[in-house]
Structures are given as structure tokens and as C-alpha cells.
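Please read all numbers here as calculations on a predicted model, not as lab measurements. Sequential numbering from 1 along the given sequence is applied to the chain's residues. All ligand and atom numbering here is 1-based and tracks the order in the structure.
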Amino acid sequence: MALDVDALRESFDLVVEREPVVASRFYPILFERYPQVKPLFGRHSGPEQQRMLTDMLAKVIEHLEDPGWLRSELAALGRRHVDYAVTAEMYPWVGECLVATLAEVAGDAWSERYEDAWLAAYGAITEMTLAGYPAQPSSGA
Ligand code: HEM
């Protein structure tokens with residue numbers, strides 16, 4: 001996984017400095033752009049949910065050089081998301097809103113390099129999360 005680890009850490013640090021609960025802006029953006037996902041949420045309170053997503057992002061950033069950890073934690077996260085009725089098509093929606101959130105919080109300090117680094121990282125995160133989903137039944141015989 002050739003991720004731009006420096007850009008990811010640098011941008012995450014600067015975002016957390018400006019907005020310690022990174023995810024507090026994320027949900028309003030997600031629900032505004034994709035209102036159809038709103039009914040899936042509700043097991044946890046808004047602030048709890050924000051804290052869990054922020055903590056998970058921080059842990060992923062901490063473990064960027066630890067593919068074993070990433071693979072097992074994200075596959076487990078994926079298995080839980082099956083129960084939350086989250087489908088594969090929703091992952092790009094969340095990625096778009098996550099990058100929009102980070103860019104908004106970072107403001108002038110955001111750059112194309114950060115944007116590219118996060119898009120690539122989110123792609124890798126999505127792949128490892130979806131690996132926790134049950135295999136799709138094959139369409140052939
Ligand atoms: C790969 C990117 C994602 C990450 C890192 C992530 C992270 C998390 C975390 C840490 C939780 C807390 C509960 C748990 O750990 O099981 C959670 C819950 C949840 N996530 Fe995600 N998630 C991702 C993608 C998505 C997508 C694409 C959706 C679709 C809209 C989604 C919808 C939900 C829902 C509905 C819950 C349960 C919330 C509740 O009812 O309180 N997640 N997610």
C-alpha cells in the first residue's frame with residue numbers, strides 16, 4: 001500500500017488541532033448530501049457516533065505502517081457494517097463527505113497533495129472494510 005503517510009499524518013494533525021472532534025462536521029455534510037443514509041443511524045447518540053468515527057480515524061492513522069492491524073480491524077468493522085445495513089455503494093459517498101469535511105476544517109491549509117493522499121487512503125480503507133463483507137454469490141453457474 002503506497003500511501004503518502006506524511007501527508008496523511010500532517011493533514012490529520014492540523015485538522016484535529018482546529019477541530020478535535022473531526023467528525024462533528026462530517027454527519028451534517030453526509031446527511032445533507034445523502035439524506036437517504038440518515039435512517040441507518042440511531043444506535044448511538046450523535047456525539048457518541050462522532051467520537052467513535054474520530055477515534056477510528058485516529059487509530060487508522062496510527063497504524064498506517066501496520067497492514068496486519070489494518071486488515072483485521074477493518075474487516076471486523078466491515079462485518080459490523082453489514083449489520084448496520086451499509087452497502088458497498090455507500091462507501092464512496094462517505095469518502096466524498098469525509099474528504100469534504102477535512103478540507104473544510106483545514107481551510108487554507110488544505111492542498112491537492114492532502115486531497116490525493118486521503119482519496120488513496122480511503123480507497124484502501126474501503127477495500128479492507130469490504131473484505132469483511134460476505135462474498136457476493138457468483139452470478140455464473
Ligand atoms: C470505511 C469507512 C468507514 C469507517 C472507518 C466507519 C467507522 C465507523 C465506526 C468506528 C462506527 C462505530 C461502531 C462500530 O465500530 O461498529 C461506525 C458505525 C456506523 N457506520 Fe460507519 N464507517 C465507515 C463507513 C460507513 C459507511 C459507508 C456508512 C454508510 C452510510 C456507514 C454507516 C454507519 C452506521 C449506520 C453506523 C451505526 C451507527 C449507529 O446506529 O449509531 N459507515 N462506523
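Residues Gln50 and Tyr27 bring no donor and acceptor atom of their side chains to less than 3.5 Å of each other.
In this structure, the protein non-hydrogen atom closest to atom 27 (C) of ligand 1 is Val94 CG2, 3.3 Å. When hydrogens are left out, the protein atom nearest atom 28 (C) of ligand 1 is Val86 CG1, 3.4 Å; that is the closest non-hydrogen contact.
Of all atoms in ligand 1, listed by their number and element, those nearer than 4.0 Å to a heavy atom of Met90 are 27 (C), 29 (C). When each atom of ligand 1 is checked for a heavy atom of Ile125 under 4.0 Å away, the hits are 1 (C). Every atom of ligand 1 with a heavy atom of Gln49 under 4.0 Å away is listed here by number and element: 17 (C), 18 (C), 19 (C), 38 (C), 39 (C), 41 (O). Counting the atoms of ligand 1 from 1 in the order shown, those under 4.0 Å from a heavy atom of Leu53 are 6 (C), 7 (C). Of all atoms in ligand 1, listed by their number and element, those nearer than 4.0 Å to a heavy atom of Tyr122 are 2 (C). Shown in contact with Thr129 at under 4.0 Å from a heavy atom are these atoms of ligand 1, numbered in order with element: 1 (C).
When His81, Glu89, Lys38 are ranked by how near their heavy atoms come to atom 31 (C) of ligand 1, first place goes to His81. Atom 16 (O) of ligand 1 has its nearest heavy-atom neighbour, among Tyr84, Phe41, Phe31, in Tyr84. The heavy atom nearest to atom 12 (C) of ligand 1, considering only Met52, Arg43, Met128, Arg51, is found in Met52.
In terms of polar-atom proximity, Tyr91 is not counted as a contact of ligand 1, lacking any N or O under 3.5 Å from an N or O of the ligand. Considering backbone and side-chain atoms alike, Leu77 places every N or O at 3.5 Å or more from each N or O of ligand 1. Backbone and side-chain nitrogen or oxygen atoms of Arg80 are examined, and one is located within less than 3.5 angstrom of a nitrogen or oxygen of ligand 1.
Two rings, from Phe41 and Tyr84, have their centers 6.0 Å or more apart.
Other residues, nucleotides and ligands contribute more than 12 heavy atoms inside 6.0 Å of the CD atom of Gln36. More than 12 heavy atoms of other residues, nucleotides or ligands sit less than 6.0 Å from atom CD of Glu48.
Taking the charged nitrogens against the carboxylate oxygens, Lys59 and Glu73 have no contact shorter than 4.0 Å, which rules out a salt bridge. In this structure, Glu65 pairs ionically with Arg9, as a charged nitrogen and a carboxylate oxygen lie closer than 4.0 Å. Salt-bridge check for Glu96 with Arg33: passed, with a basic side-chain N closer than 4.0 Å to an acidic carboxylate O.
A donor-acceptor contact shorter than 3.5 Å links the side chain of Arg18 to the backbone of Ala106.
With a 4.0 Å heavy-atom cut-off, ligand 1 is reached by the backbone of Leu40 and by its side chain too.
Going from atom CE of Met128 over to atom CH2 of Trp69 covers 9.5 Å, rounded to the nearest 0.5 Å.
Between Tyr91 and His81, the ring planes lie tilted relative to each other; the angle falls in the 30° to 60° range.
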